[in-house]
Novice: 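Sending over a structure as structure tokens; questions will come in a sec.
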Amino acid sequence: MTELPKTFDPADIESRWYAHWEDEGLFRPERPGAEPWTIVNPPPNVTGSLHIGHALDNTLQDILVRHARLKGKDARWVVGTDHAGIATQMVVERQLNAAGQKRTDFTREAFVDKVWEWKAESGGQITRQLRRLGCSMDWANERFTMDEGFSKAVLKVFVELHRQGLLYRDKRLVNWDPGLGTAISDLEVETKEVRGNFWHLRYPLADGSGFIQVATTRPETMLADMAVAVHPEDARYKALIGKQVKLPITGRLIPIVGDEHADPELGSGAVKITPGHDFNDFEVGVRAGIKAGEMLNMLDAKAAICQTQDGLVPAELIGLDRFEARKAIVQRLRDEGFLVPFVDKEGAEHDAEPRTIQTPYGDRSGQVIEPWLTDQWYVDAATLAKPAIEAVRSGATKIVPKSWEKTYFNWMENIQPWCVSRQLWWGHRIPAWFDADGQAYVAETEEEAQAQAGEGVALTRDPDVLDTWFSSALWPFATLGWPENSDPTLGGRYSNDVLISGFDILFFWDARMMMQGLHFMKEVPFKTLYLHGLVRAADGQKMSKSKGNTVDPLGMIDKYGADALRFFMAAMESQGRDIKMDEKRLEGYRNFATKLWNAARFCQANGIAASKHLEAPTAELAVNRWIIAETIATVQALDLALADLRFDEAANSIYQFVWSRFCDWYLELIKPLLQGEGVAAADAEETRAVAGWALDQILVMLHPFMPFITEELWSKMGPREHDLIVAKWPMADARALDPSAAQEIDWLIRLVSEIRAARTELNVPPGARLALHVRDASAETVARLARQEAALARLGRVDQAQGDAPAGGALQLVVDEATFVMPLGDVVDLEAERARLAKAIAAAEKERDGLAGRLGNPSFVERAKPEAVEKARADHAEKAAEAERLSAALARLG
RNA sequence: GGGCGCGUAGCUCAGUGGUAGAGCACUGUGUUCACACCGCAGGGGUCGCUGGUUCAAUCCCAGCCGCGCCCACCA
């Protein structure tokens, strides 16, 4: 047993213990035959650094892993990083730019090598930071979404999905990011409301019989218009259907078509159709019989104007950026009389009507997204979604909190084809080869593709890579050895036990793991999906670098210790709510750690040491039997809370137990037994044994939340057979519960509390010792008073006296059947005591009368649950008796 | 337009069909060598508003007000 310093210094112990655990392989001790328990960590981006959201996410996971490990399971927390295609490519490109270079100065191979170099140097930052939080991950088997095994899994999945017809190449509109020069998925598009304009155009009918008016937010796209649509039943336009319009500027002849898409209520009721540059118009175009290959395209990859297939775009517009082109085209339309001016309320004329419009932006680049006609690879998500929906309906995967199920279903049921190809260099290269005619051959190797295509056919590999989420969707099984490992349960680790993620990646990641996991493993990837919220700034705002209101978790660890930060996260994690950063609270949990530290110091100083046994020691004294029962009750509460993933309840249970039960009462109550004179040696010994045992249980129970301080104290309390991280979780043994001991200590606590409150209220000097007389005491109370004499003397500063109290001023209080009288002689302010008693009487009477009122209501007695009536009767009798005894005490005061 | 969530003590948050809790902050006080990052005692809430269901509602239902988030093709 090593003596503990007076102040707890987290920094001193954290790195020491972490290194020890990791070096000794304690994050995944050998446990042959033990029940496997598995959780996979959401792989952070290699470009990332630990932010406060990671701190929450990983704390919750570590609590579950450590709990499972303490319970003796073969717990494994799979860890690794994600190659994060776009993000990582951007980081490396930015570095090149800073050095005056650019990506295209290099060959693809050379650039990708540079990214790997960057990854080797900087990609480990976040995993080092996770260690500071105390995360007990299986580092020995760390994975990367582009490591060799993973790449095999990705190839296999791509090829199989293709063979099954669930992955295909298609020409359709895609969300194109002109800044990054790649397609992105629906989920990577953020729609924002921006101030924009609404231009009203009039298109001349080809036969010269007049005009048809249309409105648009994107006038420049008129260069690729292929129709004007009106509602088939719209009386105003019905006769025009089938006529031709001669487009301004290009002079192209386009038809007026009838289509349900045109809403007679909106604008003029007629709408220009640009199938190559608008998702709605694409559908209208298809219905009008236009094939994707024929749709006019007027933009290049950078969203500058290019010549359309029919060559009708005037040369002076070619090469203009889309926003420049808009200005030029509006001006020309105005000059040529095709722009209908907007007249505002004051009667003034403008080119356009101001209006807020929904505009799509790329979530990475911040660029306005262009619907663009390209060939891309798509996954038939709707088909894969069906089993994923069913799995949640049947409960095979339970979503916690349940309220997210609806969101999950809603998204899954309306899911669109998932565009998985990206025009980037960094990522999993698509295993497809094209011949000269553009025919694709999909295979795991070039040889196989060649075999499909036939001898001598020249093949070129698809230059594109896969969406990062395509690979991370395989994380729950590809990290466990699939596909080499053909065991359908992957050694009992698939399905994973639980997945913890922020709700912000429910669609990006969780849903896609469900789809891929069910498709390839025929089982759900995880039995429970726990979704937590965001960590927000103190003022409730979302944290962001641009706002400059981020809180650095490492800074919090430096200031308060990792244990305090972890406990904060756990205590604040109630299901379904975001967490607001509250540094005062964090400070409070730092204080909690110090409190525990000092409790352990007290134990050390009083000969209390590491328990020799797992089971609770046998005990005779009520106080010891009571703390054993309280410990058991806390284990039960913790197990329940953790099973329900109620991290806040779990944290609060152990917090309350440690501070309010163990420190505030138990340690105070046993002081006379440890330090008093004339204590039987057996009693002192029993108490030391029980206290040591209870402290041990506290350390084990608190360990998942506060691993560092608990491990330190565990080691300092005496010799141990093993480290705390691999200790045994307490057994919730109901046999240790003792109602009579609990009742006695409960009575003692109430009596001491009453004495203290009364003393304070009457301004009895803290140091003054009072004589304690009792009247109307039952035999049980008399016995308890005798047994608890030392505790009462110490905590209440009272000395028990025989016989009735002498007449005169006294402090009186009622606990259960007995009235306690503490004579105060001349010191007492009789008026103050009368007032105090009167207040107590009033309170008891108020409750009594309230209960009487309820009992006097016939419908309550008739219709309420019998136990509710019974309880009301009992409470009423008790309150009535209390009021009477207090009144008697008041009367005695004279 | 659809969906979800939130509104409980000054602040941050739990909570239950039977008259409300925690941490911090606040007030008073400090005898007892574990701890002032502490102890003891205390004040403080018409549980957003309005109806309804019920013997009984902060908790269930409906509407309203306020706040936030997600999804969606109004040109």
Novice: Give the rounded distance in Å between these two atoms: CZ of Arg355(A) and C1' of A75(B).
Specialist: 8 Å
Novice: Counting side-chain heavy atoms from CB outward, which of A41(B), A75(B), C24(B) is closest to Ala262(A)?
Specialist: A75(B)
Novice: Contact class for Lys865(A) vs. all strands (heavy atom < 4.0 Å): base, sugar-phosphate, or nothing?
Specialist: base
Novice: Tell me: CD of Gln541(A) to C1' of C6(B), nearest whole Å?
Specialist: 17 Å
Novice: Name the orientation class of the two ring planes belonging to Phe592(A) and Trp659(A) (parallel below 30°, tilted from 30 to 60°, perpendicular beyond 60°).
Specialist: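 Rings of Phe592(A) and Trp659(A): parallel, as their planes differ by under 30°.
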Novice: Taking NZ, NE, NH1 and NH2 as the nitrogens, is one of them in Asp234(A) or Arg236(A) under 4.0 Å from a carboxylate oxygen of the other?
Specialist: yes
Novice: For A34(B), does OP1 or OP2 lie under 4.0 Å from any side-chain N or O of Arg601(A)?
Specialist: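 False: Arg601(A) side-chain N/O out of range (4.0 Å or more) of A34(B) OP1/OP2.
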Novice: From the options A75(B), C35(B), U29(B), select the nucleotide whose nearest atom is closest to the side chain of Pro766(A).
Specialist: U29(B)
Novice: What nucleotide among U29(B), A72(B), A34(B) has an atom nearest to a side-chain atom of Gln358(A)?
Specialist: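 In terms of side-chain proximity for Gln358(A), the closest of U29(B), A72(B), A34(B) is A72(B).
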Novice: Hey, does Ala757(A) reach any base, or is it just sugar-phosphate, or nothing, if we go heavy atoms under 4.0 Å?
Specialist: sugar-phosphate
Novice: Can you see if the side chain of Arg646(A) gets near the phosphate of G15(B) - specifically, an N or O under 4.0 Å from OP1 or OP2?
Specialist: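 Yes, within the criterion.
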Novice: Among C37(B), G3(B), A22(B), which nucleotide sits nearest the side chain of Gln656(A)?
Specialist: A22(B)
Novice: Please check the phosphate of C38(B) (OP1 and OP2 only) for any side-chain N or O of Asn591(A) closer than 4.0 Å.
Specialist: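 Affirmative; the distance criterion is met.
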Novice: Of Arg585(A) and Glu265(A), whose nearest nucleotide on RNA chain B comes first from the 5' end?
Specialist: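 The answer here is Arg585(A).
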Novice: Between C35(B) atom C1' and Asn606(A) atom CG, what is the distance in whole Å?
Specialist: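 Those two atoms, CG and C1', are 13 Å apart.
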Novice: Determine whether the side chains of Asn606(A) and Gln675(A) contain a donor N or O and an acceptor N or O closer than 3.5 Å.
Specialist: yes
Novice: A14(B) base to Gln575(A) side chain: any donor-acceptor pair below 3.5 Å?
Specialist: no
Novice: At less than 4.0 Å, is any side-chain N or O atom of Lys580(A) found next to OP1 or OP2 of C13(B)? Yes or no.
Specialist: yes
Novice: Compare the minimum distances between each of G18(B), A75(B), G23(B) and the side chain of Ala864(A), then state the nucleotide with the smallest one.
Specialist: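 Selected nucleotide: G18(B).
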Novice: So which heavy atom on Ala758(A) is nearest to which on Leu811(A), and how close?
Specialist: CB-CD2, 3.3 Å
Novice: Which nucleotide in the list A72(B), C4(B), C38(B) gets nearest to the side chain of Lys595(A)?
Specialist: C38(B)
Novice: In whole angstrom, what separates Phe503(A)'s CZ from G5(B)'s C1'?
Specialist: 10 Å
Novice: Can you tell me, in whole Å, how much space there is between the P of C64(B) and that of G1(B)?
Specialist: 13 Å
Novice: Verify whether one side chain among Ser544(A) and Lys542(A) offers a donor that lies under 3.5 Å from an acceptor in the other.
Specialist: no
Novice: Assign Gly540(A) to base, sugar-phosphate, or nothing according to its heavy-atom contacts below 4.0 angstrom with the strands shown.
Specialist: nothing
Novice: OP1 or OP2 of G68(B) sitting under 4.0 Å from any side-chain N/O of Lys542(A)?
Specialist: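 Checking G68(B) against Lys542(A), no side-chain N or O comes under 4.0 Å of OP1 or OP2.
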Novice: In whole Å, what is the span from the CZ atom of Phe282(A) to the P atom of C73(B)?
Specialist: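 After rounding, the gap between these two atoms is 15 Å.
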Novice: Could you state the interatomic distance from CD (Glu761(A)) to CZ (Arg836(A)), rounded to the nearest 0.5 Å?
Specialist: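 Rounded to the nearest 0.5 Å, the CD-CZ separation comes out at 6.0 Å.
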Novice: Taking a pair as Watson-Crick (N1 to N3 plus N6-O4 or O6-N4) or G-U wobble (N1-O2 and O6-N3), both under 3.5 Å, which stems of 3 or more consecutive pairs involve RNA chain B?
Specialist: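 Paired runs of 3+ in RNA chain B: B:1-7 with B:65-71, B:10-13 with B:21-24, B:26-30 with B:38-42, B:48-52 with B:60-64.
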Novice: Among C40(B), U12(B), G18(B), which nucleotide sits nearest the side chain of Asp664(A)?
Specialist: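 Of all the options, the side chain of Asp664(A) is nearest to C40(B).
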Novice: What is the distance, to the nearest angstrom, from the CG atom on Leu795(A) to the C1' atom on G30(B)?
Specialist: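 So the CG-C1' distance, Leu795(A) to G30(B), works out to 15 Å.
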Novice: Kindly give the heavy-atom pair with the smallest separation between Leu748(A) and Ala791(A), and that separation in Å.
Specialist: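 Minimum heavy-atom separation between Leu748(A) and Ala791(A): CD2-CB, 4.2 Å.
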Novice: Is a donor on one side and an acceptor on the other found under 3.5 Å between the side chain of Asn410(A) and the backbone of Lys406(A)?
Specialist: no
Novice: Please report, rounded to the nearest Å, how far the C1' atom of C40(B) is from the CG atom of Leu792(A).
Specialist: 16 Å
Novice: Is any side-chain nitrogen or oxygen of Arg854(A) closer than 4.0 Å to OP1 or OP2 of U19(B)?
Specialist: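 For U19(B), OP1 or OP2 has a side-chain N or O of Arg854(A) closer than 4.0 Å.
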Novice: For residues Glu862(A) and Ser859(A), is any side-chain donor paired with an opposing acceptor at under 3.5 Å?
Specialist: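 No, because no side-chain N or O of Glu862(A) sits under 3.5 Å from a partner of the opposite role on Ser859(A).
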Novice: Hey, does the side chain of Arg577(A) come within less than 4.0 Å of G68(B)'s phosphate (OP1/OP2), counting only N and O?
Specialist: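 No, Arg577(A) has no side-chain N/O under 4.0 Å of OP1/OP2 on G68(B).
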Novice: Hey, does the side chain of Trp659(A) come within less than 4.0 Å of G39(B)'s phosphate (OP1/OP2), counting only N and O?
Specialist: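 True: Trp659(A) side-chain N/O within range (under 4.0 Å) of G39(B) OP1/OP2.
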